[in-house]
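Values below: all heavy atoms of this structure, side chains included; hydrogens, waters and symmetry mates excluded. So that the names make sense, note that chain A is the first sequence line, chain B the second, and so on, each numbered from 1.
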There are 2 protein chains.
Amino acid sequence: MGRSPRQSVTIRHVAAEAGVSLQTVSRVVNNEPNVRPQVRERVMEAVKKLGYVPSLAARRMGGSRSYLILALNDRDRTIEGWQLGQGSDWIDQMLYGGMLACAERGYRMIFELIDTHSAHVEREVNAALSSLRPDGVILTPPHSDNPAIIDLLVAQHMPFARIGSDDASAGFAIRMDDGAAAEAATAHLIGLGHKRIGFIAGSEEYRLSGARTDGYRAAMKAVGLPIVDGLVQPGDFSFESGEAAMRAYLDFGEPVTAVIASSEQMALGALHVARDRGVDVPGELSLVSFDDTPVVRFSVPPLTAITQPIAPMTAKAAELLIDAASGKESEPGVHVIPFALAVRRSSAPPRG
Amino acid sequence: MGRSPRQSVTIRHVAAEAGVSLQTVSRVVNNEPNVRPQVRERVMEAVKKLGYVPSLAARRMGGSRSYLILALNDRDRTIEGWQLGQGSDWIDQMLYGGMLACAERGYRMIFELIDTHSAHVEREVNAALSSLRPDGVILTPPHSDNPAIIDLLVAQHMPFARIGSDDASAGFAIRMDDGAAAEAATAHLIGLGHKRIGFIAGSEEYRLSGARTDGYRAAMKAVGLPIVDGLVQPGDFSFESGEAAMRAYLDFGEPVTAVIASSEQMALGALHVARDRGVDVPGELSLVSFDDTPVVRFSVPPLTAITQPIAPMTAKAAELLIDAASGKESEPGVHVIPFALAVRRSSAPPRG
DNA sequence: ATGAAAGCGCTAACAG
DNA sequence: CTGTTAGCGCTTTCAT
């Protein structure tokens, strides 16, 4: 317990208490060599006794590290998600993976919103960097492939990780295998006996959209199923585009028996239209979602979905950046994190 | 555009560029008086030209402010929510309200997890305070009423805001009127014609649980409806406790026609049991949720719910703390933020 | 293995 | 109104 100090405990107090120099305390606190075990012990006792915790700001000022990892998310998309409360837990999963990975290593993750589309991206990113001077930056889609941001980070020699990117030309790329995931989803439906499987593509602004569509095509091709016109519908990740795509499928001459949506919102939009038109899921139509979010799990029926490893990807990103800041060399290149397919009640064999 | 500076732009560069002293630049940047408009103009131009943004760490070191607001959440509860992905968007709403309010004022909100139950609460909080030295702390339930934390904050003279607390003895209390919300929910059901209305209470660890139950009782009493034994069921906010409560209601001799659950998870648990037992909602049973989360909006049927103003409460907390740090006196006491009742398909008149 | 000195970028307190 | 001086709490570099 002890009295709560009004004025914070500094390294100076610890040095006095332990009868050593500031430098020795610093060494002990930072686990550096060249301190006799005996002295180290004494300092650690003083630290514990006084409840000393180094000041982040002072560390940043004196040293070359800030113990900060900056995570950049798209402002519009994030705020819209918060406002509409559509139940995507992207941010939560990101915090989960990132914050804990940082905390384990004595780091802190700071979360910031940046406007991708604005002409001021550079200014915004620069402001965040100047103010915080983080040891690394985590980029999420669509920032992960924004050339303006990438160039700026490279120019500043700021280490960064790109979640959901497969561009290994700069920074760490951390992704799941979107193509394989789309393949797995498609194979799952093929395995159930489906032949006419629709695929609602995502916004082309995101690279992974193409990879997913390719995976779908590959899986279809692998078993010799034709991809006739109209089987692949365009979408932009939104609920509305999912609705539109579903209407297109239902208005086909020969309707599909299963649909894969490249996003949770599009899957829900599709489900909504199916319900409205009296199409039973999964009786008449199987549905698979990309993104395994809370709403997908609680929908009726619960949706079969590709689980994106958002927390593990963010954790990996934080680890790589912190290791880099700590001087440990990490394998560069693309880091692929495993995905999962959560099979739920929305997918079933087609009606004989 | 311009070249990206490897080495960051400091106040010194700006001073040189504008031909003034460091202090003058500082005054301009901080909007302080005693600078001739002409000089101010010149400095601002230099700032813009060089893309100068003050270093957070240096500001903290030199001055008395850190431009940081620390938001403390319960570790176990938060992590569990992230792991289970049950779709509560508490954290998101908190970030939404808090981050934006901070950003508008040149502040940053830092989000941290603290273990309420641990014997080390004090140490954990102290560590966060020592490391960050924030200008204010936002407490969320159950921290808002944790004496160990409150005492520590008071002893350190650290300004703080308590979300969901009605204890005005220290810090700012910011809450919605839980009693009035429960009353409104109850009155809504009474208005529909219900007489036997069940209420699933929340964990007693949270003060607001009592307030909600009281509101329910008041509304019932106001129209002379008796609160017979078993009408109020205990709960702990969990899905399972909602299920248990619902089973208790259905096993009544004379079942209830409507139920209010003190949390979203309990409402969903209740809905689940009702569906299993073949009880139609809202045909045979009306259901109202506290907490208007994504899952509640996407459930079948969508649930009538009390919307807790989490984002506005957090924004208010941030504002009050920043104002306090800026020397502006704020009205102390309890700040009550309006709630809303979102009427959806889960509530309807009882079967004649 | 340890300590002393210098300085990080800024603001507070004071001097003009 | 403007500039000068002294730190803030740490880490770096260099000496011992």
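B/R12 places its CZ atom 10 Å from the C1' atom of C/dC10, with the value rounded to the nearest Å. If you measure from atom CG of B/N34 to atom C1' of C/dC14, you get 14 Å, rounded to the nearest angstrom. Here D/dT2 presents its P atom at 16 Å from CG of B/N30, a figure rounded to the nearest Å. Here C/dA13 presents its C1' atom at 12 Å from CD of B/E32, a figure rounded to the nearest Å. As a whole-Å value, the separation of A/R42 CZ from C/dT2 C1' is 12 Å. Rounded to whole angstrom, the span from the CD1 atom of A/I11 across to the C1' atom of D/dC8 amounts to 13 Å. In this structure, B/R133 places its CZ atom 14 Å from P of D/dC8, rounding to the nearest Å. Note: CD (A/Q38) to C1' (C/dA1) measures 12 Å, nearest angstrom.
The side chain of A/V35 sits closest to C/dT2 out of C/dG9, C/dT2, D/dC10. When each of D/dC10, D/dG3, C/dC10 is scored by its nearest atom to the side-chain atoms of B/V20, the top-ranked nucleotide is D/dG3.
At a non-hydrogen distance threshold of 4.0 Å, A/Q23, A/S26 from residues 22-29 of chain A come into contact with DNA chain D. Of the residues in residues 57-69 of chain A, those placing a heavy atom less than 4.0 Å from an atom of DNA chain D are A/A58, A/R59, A/M61, A/G62, A/G63, A/S64, in numerical order.
The pair B/R75-B/E124 counts as a salt bridge, with a side-chain nitrogen and a carboxylate oxygen less than 4.0 angstrom apart.
Both tests do not hold together for B/R108 against B/Y67: distance to the six-membered ring centre under 6.0 Å, angle to the ring axis within 45°.
B/P33 comes within 4.0 angstrom of nothing in the nucleic acid, heavy atoms only.
Put simply, the side chain of B/E112 does not reach to within 4.5 Å of the side chain of A/M99, judged on heavy atoms. Between B/P134 and B/Y107, the closest side-chain pair of non-hydrogen atoms is not below 4.5 Å. Residues B/R175 and B/I337 form no side-chain contact, since every pair of their non-hydrogen atoms from C-beta on lies 4.5 Å or further apart. Side-chain contact between A/Q93 and A/T314: absent, with no pair of heavy atoms (C-beta onward) separated by less than 4.5 Å.
Considering only side-chain N and O atoms, A/S21 lies under 4.0 angstrom from the phosphate OP1 or OP2 of C/dG3.
Inspection of the B/Y52 and B/R12 side chains reveals no N or O donor paired with an N or O acceptor under 3.5 Å.
A/H13 places no side-chain N or O within donor-acceptor distance of the main-chain N or O of A/L50, the cut-off being under 3.5 Å.
A distance of 3.5 Å separates CZ in A/F111 from CD1 in A/I91, rounded to the nearest 0.5 Å.
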